Every structure is written in structure tokens, then in C-alpha cells.
Amino acid sequence: MGVVGKPNVGKSTFFAAATLKDVPIADYPFTTIQPNVGVAHLRTKCVCREMGVTDAPRNSACVNGTRLVPVKIVDVAGLVEGASKGKGLGNQFLDDIRQADALIQVVDASGSTDLEGRKVPPGSHDPVGDVTMVEHEFDLWMYGILKKDWEKATRSLEQTGGKIVEHIAERLSGLSVTFADAEQVVLRLHLRTEKPSSWTDEQIMQFVVETRKLTKPSLVAANKADLPTARANIDSLRRTGRGVVPCASEAELLLRKAAEHGLVAYSPGDPAFEVKDPLSLTPAQSHALKMVDEMVMKAYGGTGVQDAIDRSFFGLLKAIVVFPVEDETRLTDKDGRVLPDAFVMKGGSTALDLARTVHSELAESFLYAIDARTGKRLGSEHVLSNRDIVKIVSSGKRG
Ligand SMILES: Nc1nc2c(ncn2[C@@H]2O[C@H](COP(=O)(O)OP(=O)(O)OP(=O)(O)O)[C@@H](O)[C@H]2O)c(=O)[nH]1
Ligand SMILES: [Mg+2]
């Protein structure tokens, strides 16, 4: 998952809140230059209670019946208008989110930073334009990759009978755009595959826009929601039809740190927190927590950070979480650990995909899978559902 946006909107704060990694955060643009890579967690109901077992997670954690499944998250430098022409830090860093399956676009919903991330009076900047700016810069970047040798490449394809979709998929493979993705967009836009040299610049741009929407689905984290000027902007962001999650990254970071130090009872995504011992807090801590309670928890029902992460996987990617086991009756691995692993997979993943995720050998010698709930056999092409518990049976010794 990639965290993108113009400078100074709170991308690194969001990242730090999601990962509890210490990264530079400051109220001026271009604080982040090199990307920050970390692990966030997806929240989903664990299967342990339903199955009546006490689990012993290994790759994930189970907190009061909620499974926290690790996902990779990348925070990058801020993007400004003209980045594709080298402005700001240029668009070099877009390289850092090439492999992302989904994007969280962090926006300063309070309107207290201008288009380039400089401080302005709260409420004086409309963040809707920031969203379209970032999308457009991303598109110009992809467009640039295709246009670089378009004329030469298409002429040669037409002479040799080469396939334009193959060519595009090859050019964009670094952005995780597959042949099937490119083909789907070309068909949808009715582009002439036999004469790509006739595609106009507008058509190539249209192709790029649709390809971005398909392969880099995104939602808007309307950050700094704790500031009073955010309300109206959140409404106007919603009116654009995009998925919008009001966020207070700074509040989430504060709560996670306070929870780590035992000051409050709070788990990411909770709609409220509880101060453990009010007398142990300094006046400053007490005040900060009171503000978070009033301006964030009571106002929005939570900080939104965990929601944004969960929604980008379960909403945008239709992701599922699957629990592989080796013993389908006791729900253990070979060492007797109960429900050791939980894997995030893209929606539509099959039993064979799961085998591949667990171990490539397991996929090579795949025979069938077993649904631990029903005991039923599942074929290699069986599409898995969220929270499936599955044993893979293979002809190899790992089965
Ligand atoms: N009020 C408020 N301020 C926030 C929130 N999140 C971040 N900030 C502040 O916004 C400023 C920028 O935060 P960063 O996380 O460094 O922003 P960034 O988008 O990573 O910035 P660049 O790396 O420079 O692009 C800092 O002063 C943060 O404290 C929030 O939820 N509410
Ligand atoms: Mg940053």
C-alpha cells in the first residue's frame, strides 16, 4: 500500500501512526525525501472464537478475537504540480510506489496548506484540487513512460505484426500493470489495436487514466480532521464521488504511543479510548487526550487511520484473509500451533494461489485443498472466501 499526496499533509504522520516507526515529521514541505517502508496491520475478525479454539498466531496477532494481519506500507515524498517536469522533488519517487496494489491519498482536509504544502490560514485552501493534482501528476508520469518511444514503437509493431497490448504491458510492467489489465482497458475504450500509431494523445491519456483507476485504486484519507475547518472540506471531497475516510493521524499516533506506555486502553480502530489512571497523567497529557476525545473520537467515531487501511484492502482490493492449516481437524500447523498464520490475498484468489503463497513447492505438487469448516474437498481453481480455513494437500512431503 502506498501513501501519497502533496507535501505537508501528514503522510509520514499517517505512516508513523500505522507502523509505530519513528520517522521525520515536520510542518514544512519535503520533510520526507527517501521513502519510509514499514508494516501496518489489517484488522479482521479472527476465526478462533467461532471455531472454539485458543490460537497461537505466528505471522500475525490476535487481540480479543481480532486478527491483525501484516501488510507492507510505503510513505513517499510529497508530490507537487509539475513534478512530471521535474518540479519539487520531481517524480522520481513515484518509483517507490510502483509496486503498490492500492494507494491511500492523504489530503489536508483542514485546508491549512497550499497546493505546494506551505502553511496558509486554516480553511483558506480547497483540498479537492489537491486530489486531482496528484492523480494528474501520476497520469502524466505513466503517460511519459508510454510516449517516450510511442511513434517508433508503434510503427515497428505495425510493420512486424507485433501486439500493442503486449508492448504496453511490457512498458508498464514495473507499475504492476499486467497484460490482462492493459487488454481490459484497451477493449473498454475501443482503441484500435491494429493501428496504434493512429491513437491520439487524448486517447493515450484516456488509456492511462483508466489504467490508473484499475491498477492503483485509491481512497482519500481526509487528514487533520481534528481541525474545525475540516468538516466542510470533507463534505466537498465526498461530493467528488471518491471514497473518503476522515482521519486524524496525529491523534492516532498519540493514542498508540499512549497505549504503548500503558497510559490508555486503546487498540487501533477503536471508536474510543480509556484513560487508565487519570492521576498519573501530566496536565499536558491530560489536555491532549481530552482534545483527542472531543475533536476526534466524539466527532468522528475514531481516528480513521485503521479504517483507511482496512478499507483500502477490503474495499478497494476486495482482499480476503485466509488461514492455512496442516491439520484440518485440530486447526494446527505441523508443530501443533493453532491457527498460526493469516494471509492477505487479493479477492478472487484460488486454493492454488494460497498454496503458492504458503510455499512454491506446495503449489507444484498441489492435489486438492480441504475446507476445515465443512471438510469438503476444494479443487485448485476453487475461489476462496474471506476467513476461510484451508488445508492444502499435496503429493510432496510438505503436504
Ligand atoms: N492537526 C493535525 N495536524 C497533523 C495531523 N497529521 C499531521 N499533522 C501535522 O502536519 C504536519 C506535516 O506532517 P508530516 O507527516 O510530516 O507530513 P508529510 O505529508 O509527510 O510531509 P512531507 O514529507 O513534507 O511531504 C506536521 O506538523 C504534523 O504534525 C493531524 O491529523 N492533525
Ligand atoms: Mg513525510
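Side chains included, hydrogens not; waters and symmetry mates left out as well; all remaining heavy atoms used. When a ligand or atom number is given, it counts from 1 through the structure's own listing order. All figures in this text were calculated on a predicted structure; none of them were measured in a lab.
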Undergrad: What I want to find out is whether Arg118 reaches Asp114 closely enough, with some N-O distance under 4.0 Å, to be called a salt bridge.
TA: yes

Undergrad: Given the ring of Tyr300, does Arg231 sit roughly above its face, with NZ or CZ under 6.0 Å from the centre of the six-membered ring and within 45° of the axis?
TA: yes

Undergrad: Considering distance alone, does some N or O of Leu227 sit under 3.5 Å from an N or O of ligand 1?
TA: no

Undergrad: Between Arg356 and Asp353, does any NZ, NE, NH1 or NH2 come within less than 4.0 Å of an OD or OE carboxylate oxygen?
TA: yes

Undergrad: Got a salt bridge between Lys6 and Glu116, using NZ or NE/NH1/NH2 to carboxylate O under 4.0 Å?
TA: no

Undergrad: Looking only at distances, can you tell me whether any N or O atom of Thr31, backbone or side chain, sits closer than 3.5 Å to an N or O atom of ligand 1?
TA: yes

Undergrad: Are the charged groups of Asp293 and Lys290 less than 4.0 angstrom apart, N to O?
TA: no

Undergrad: When you check the gap from the basic side-chain N to the acidic O, do Arg387 and Glu50 get nearer than 4.0 Å?
TA: yes

Undergrad: Side chain or backbone, does Thr32 bring an N or O within less than 3.5 Å of an N or O on ligand 1?
TA: yes

Undergrad: Do NZ/NE/NH1/NH2 and the carboxylate oxygens of Lys334 and Asp327 come within less than 4.0 Å?
TA: no

Undergrad: Between Asp55 and Arg67, does at least one N-O distance fall below 4.0 Å, as a salt bridge requires?
TA: yes

Undergrad: So between Asp27, Val3, Val9, Ile25, whose heavy atom ends up nearest atom 27 (O) of ligand 1?
TA: Asp27

Undergrad: Restricting to under 2.8 Å, identify the protein N, O or S atoms around the Mg ion (ligand 2) as residue plus atom.
TA: Ser12 OG, Thr32 OG1

Undergrad: If we only count N/O pairs under 3.5 Å, is Gly10 in contact with ligand 1?
TA: yes

Undergrad: Judging by distance only, is a nitrogen or oxygen of Ala77 under 3.5 angstrom from one on ligand 1?
TA: no

Undergrad: Have a look at Ser12, Ala222, Gly78, Ser249 and point out the one with the heavy atom closest to atom 31 (O) of ligand 1.
TA: Ser249

